Amino acid sequence: MRRTFDGWRSYLSACLVSLVLLFLLTGFTPAWGSGEPEIFVSERADGRIFQPNFSFLSMRPLPIVLDSPSGVTCGPGGLLYVAETCKRRIVRFNQEGKYKEEVVVDEPQSTFSGQPLSLTFGPDDNLYFVTPKRGLWTLKDGDPRNQPEQLVEGSYFDNDETMHDLAFLKTGEYSGDIIVSVFTEKPFKGYVIRIPGPDYNQIRPFISEYQMEEKGQKVTNHLRVPVALAVNEVGEVFVADHEIRENHVLRYTPGGEFVDVFVERVNNPLDLRFDSSGKLYGVLGPLWPDEPEGGGLKIFNKFGDQESFIPWKLLWGVGLCESDW
């Protein structure tokens, strides 16, 4: 019996070593009952979509190549929707990186015109996306058989203002409204607007300031470059400010009142997503061409403490796919 047991133990050990080597070589992480979301990040330089492996600090590329992908989100059936801004289109494919098809494309027979940048699905299961200069759009059910509809025209904004990111409010009197971050040119005084549902065709001011403690006193500052928006499960709003002196993630109430600096001194935040457990996934990297190419993907817990970090250059967006259990 002893010899048989030793043989069985040796066999198990060999299998375990083989599995570890497989994960190291492929960057694959099994999700056996982990309950963790499937994470996807877009990378601009080589046009790839990656799945991160935090256990081995690596990235596994999907077998698909895109043209400078930016925003990425998870849609119906777990399909990935990605904005190819330079190609003026949105594409979708499955989580294995196969069966790519155009969802929205700027072409003569389409009602859409512009460069999609950031995108998300709303509580009505429709796809919503912004373009820097052509406003806010929606596509019913995220279905390419439907025609895109423009909700807010880009002409509403001044010439030096561009829309950048969007998210949906989840609780409070504004539940179901869309919030959108707006950039300005120098001296950089960006802000966040609220677009009330269900029509999503009017603009309301929402967030423009925050407070910092300096020499024992609270000082009110204006947002500089509000590059990313996210809303957690209890409805709090988070804004990532991306500027040399003001790289941080700010927390606000569902009504837009400032609460605190959630993450301090985070280098070059670009995109934010919360999972259902309250963890924050943040992509870091250069926004402007003259910034260093460093960056990566970080996970923060509900207290704003960093849990994991994978260094990686030239990432842009992060999308999470979670089951409904």
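Since this is a predicted model, take the numbers as computed values, not measurements. If you read the sequence from its start, that first residue is 1, and numbering goes on from there.
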*Asks:* Could you go through Glu43 and Arg48, starting from their C-alpha distance and side-chain angles, then the distance that decides it, and tell me whether this counts as salt bridge (Lys or Arg N to Asp or Glu O under 4.0 Å)?
*Replies:* CA-CA 5 Å; Glu43 188 254 30; Arg48 306 303 298 265; over 6 Å; no
*Asks:* Counting N and O atoms only, with roles assigned by atom type, does the side chain of Thr111 sit under 3.5 Å from a partner on the main chain of Pro148, one being a donor and the other an acceptor?
*Replies:* yes
*Asks:* Is there a side chain to side chain contact (heavy atoms under 4.5 Å, CB included) between Asp165 and Val227 once you walk through the steps?
*Replies:* CA-CA 7 Å; Asp165 198 17; Val227 68; over 6 Å; no
*Asks:* Can you tell me how far apart CD1 (Ile207) and CG (Leu250) are? Round to the nearest 0.5 Å.
*Replies:* 8.5 Å
*Asks:* Looking only at atom types and distance, does a side-chain atom of Glu84 sit under 3.5 Å from a main-chain N or O of Leu66, one as donor and one as acceptor?
*Replies:* no
*Asks:* Is the shortest side-chain heavy-atom distance between His242 and Phe183 below 4.5 Å?
*Replies:* no
*Asks:* Just checking Asp160: does its CG atom have more than 12 heavy atoms from other residues, nucleotides or ligands closer to it than 6.0 angstrom?
*Replies:* yes
*Asks:* More than 12 heavy atoms of other residues, nucleotides or ligands under 6.0 Å from NZ of Lys189: is that the case?
*Replies:* no
*Asks:* Tell me whether the count of non-hydrogen atoms from other residues, nucleotides or ligands lying under 6.0 Å of CD in Glu257 goes above 12.
*Replies:* no
*Asks:* Of the non-hydrogen atoms in Lys140 and Asn146, which two are nearest, and what is the gap between them?
*Replies:* O-ND2, 2.9 Å
*Asks:* Please list all pairs meeting salt bridge (Lys or Arg N to Asp or Glu O under 4.0 Å) that have one or both residues in residues 266-289, counting only residues at least two apart or in different chains.
*Replies:* Lys279-Glu307
*Asks:* Looking only at heavy atoms, what is the nearest atom pair of His222 and Tyr210, with distance?
*Replies:* O-CE2, 3.7 Å
*Asks:* Is Ile193 linked to Ile179 within one hydrophobic cluster, defined over Ile, Leu, Val, Met, Phe, Trp and Tyr using a side-chain heavy-atom separation of less than 4.5 Å?
*Replies:* no
*Asks:* Given the rule that I, L, V, M, F, W and Y join up when any side-chain heavy atoms are under 4.5 Å apart, are Val239 and Phe206 in one cluster?
*Replies:* yes
*Asks:* Answer yes if Trp316 and Val91 sit in the same cluster of Ile, Leu, Val, Met, Phe, Trp and Tyr residues linked by side chain heavy atoms under 4.5 Å apart, and no otherwise.
*Replies:* no
*Asks:* On a heavy-atom basis, which atom in Leu136 and which in Tyr200 lie closest, and how many Å separate them?
*Replies:* CD2-O, 4.4 Å
*Asks:* If only side-chain N and O atoms count, and only distance matters, is there a donor-acceptor pair under 3.5 Å linking Gln306 with Lys298?
*Replies:* yes
*Asks:* For the CG atom of Leu272 and the CG atom of Asn232, what is their distance to the nearest 0.5 Å?
*Replies:* 11.5 Å
*Asks:* If you compare all heavy atoms of Pro63 against all heavy atoms of Glu96, which two are closest, and at what distance to 0.1 Å?
*Replies:* CD-O, 3.1 Å
*Asks:* Between Pro286 and Leu314, is any pair of side-chain heavy atoms under 4.5 Å apart?
*Replies:* yes
*Asks:* I'd like to know if Arg224 pairs up with Asp241 as an ion pair, taking the criterion as any Lys NZ or Arg NE/NH1/NH2 lying under 4.0 Å from an Asp or Glu carboxylate oxygen.
*Replies:* no
*Asks:* With a 4.5 Å limit on heavy-atom distance, are the side chains of Val192 and Val182 in contact?
*Replies:* no
*Asks:* Could you check whether any side-chain N or O of Arg44 sits under 3.5 Å from a backbone N or O of Leu315, counting only pairs where one atom can act as donor and the other as acceptor?
*Replies:* yes
*Asks:* Before you tell me yes or no, could you show the steps for Glu161 and Tyr191 under side-chain hydrogen bond (donor to acceptor under 3.5 Å, both in side chains), namely the whole-Å CA-CA distance, both residues' side-chain angles and the distance that decides it to 0.1 Å?
*Replies:* CA-CA 10 Å; Glu161 296 180 328; Tyr191 56 93; 3.1 Å; yes
*Asks:* Less than 6.0 Å separating the ring centroids of Phe258 and Tyr252?
*Replies:* yes
*Asks:* Using 0.5 Å steps for rounding, measure from the CZ atom of Arg92 to the CD atom of Glu102.
*Replies:* 12.0 Å
*Asks:* Looking at side-chain heavy atoms only, is the closest gap between Ile39 and Val318 below 4.5 Å?
*Replies:* yes
*Asks:* Quick one, Phe129 with Ile90, criterion side chain to side chain contact (heavy atoms under 4.5 Å, CB included). Give me CA distance, side-chain angles, the key distance, then yes/no.
*Replies:* CA-CA 9 Å; Phe129 55 99; Ile90 296 172; 3.7 Å; yes
*Asks:* So which pairs with a foot in residues 139-161 pass ring pair (Phe, Tyr, Trp, His ring centres under 6.0 Å), sequence neighbours left out?
*Replies:* none
*Asks:* Tell me, do Phe93 and Leu62 make a side-chain contact under 4.5 Å, heavy atoms counted?
*Replies:* yes
*Asks:* Taking the side chain as C-beta and beyond, is there a heavy-atom pair between Glu246 and Phe188 under 4.5 Å?
*Replies:* no
*Asks:* Quick one: pull up CG in Leu297 and CZ in Phe309 and give me the separation to the nearest 0.5 Å.
*Replies:* 8.5 Å
*Asks:* Report the C-alpha distance between Leu284 and Leu270 in whole Å, list the side-chain angles of each, state the deciding distance to 0.1 Å, and finish with yes or no for side chain to side chain contact (heavy atoms under 4.5 Å, CB included).
*Replies:* CA-CA 5 Å; Leu284 316 177; Leu270 274 182; over 6 Å; no
*Asks:* Listing request: all disulfide bond (SG atoms under 2.5 Å apart) pairs with a residue in residues 44-78, at least two apart in sequence or in separate chains.
*Replies:* Cys74-Cys321
*Asks:* Search all heavy atoms of Pro254 against all heavy atoms of Thr171 and return the closest pair with its distance.
*Replies:* CG-OG1, 3.5 Å
*Asks:* Mind checking the CG-CG spacing from Leu287 to Asn268? Nearest 0.5 Å is all I need.
*Replies:* 8.5 Å
*Asks:* Would you say Ile299 and Tyr281 make side-chain contact, with heavy atoms under 4.5 Å?
*Replies:* yes
*Asks:* Determine the minimum heavy-atom distance between Pro226 and Gly190, stating which atoms define it.
*Replies:* CD-CA, 3.7 Å
*Asks:* Cut-off 3.5 Å, no hydrogens considered: what does the side-chain donor-acceptor table look like for residues 112-127, sequence neighbours left out?
*Replies:*
from	atom 1	to	atom 2	distance (Å)
Ser118	OG	His164	O	2.7
Asp124	OD1	Asn126	N	3.1
Asp124	OD2	Asn126	ND2	3.2
Asp124	OD2	Tyr128	OH	2.6
Asn126	OD1	Asp141	N	2.8

*Asks:* May I have all residue pairs that pass disulfide bond (SG atoms under 2.5 Å apart) and include part of residues 173-281, sequence neighbours excluded?
*Replies:* none
*Asks:* Between Asp106 and Arg134, is a side chain to side chain contact (heavy atoms under 4.5 Å, CB included) present by the stated rule, with each step listed?
*Replies:* CA-CA 11 Å; Asp106 183 347; Arg134 296 286 294 169; over 6 Å; no
*Asks:* Are Ser175 and Leu169 close enough that some pair of their side-chain heavy atoms sits under 4.5 Å apart?
*Replies:* no
*Asks:* Is there a path of hydrophobic side-chain contacts, each under 4.5 Å between heavy atoms of I, L, V, M, F, W or Y residues, that connects Val103 with Trp137?
*Replies:* yes
*Asks:* Rounded to the nearest 0.5 Å, what's the gap from CD on Gln95 to CD on Gln51? Could you check?
*Replies:* 7.0 Å
*Asks:* Applying a strict under-4.5 Å side-chain criterion to I, L, V, M, F, W and Y, I'd like to know whether Phe50 and Ile64 cluster together.
*Replies:* no
*Asks:* Could you list the residues that satisfy side-chain contact (heavy atoms from CB on, under 4.5 Å) with Asp290, not counting sequence neighbours?
*Replies:* Trp288
*Asks:* Short question: side chain of Lys133, backbone of Asn159 - any donor-acceptor pair under 3.5 Å?
*Replies:* yes
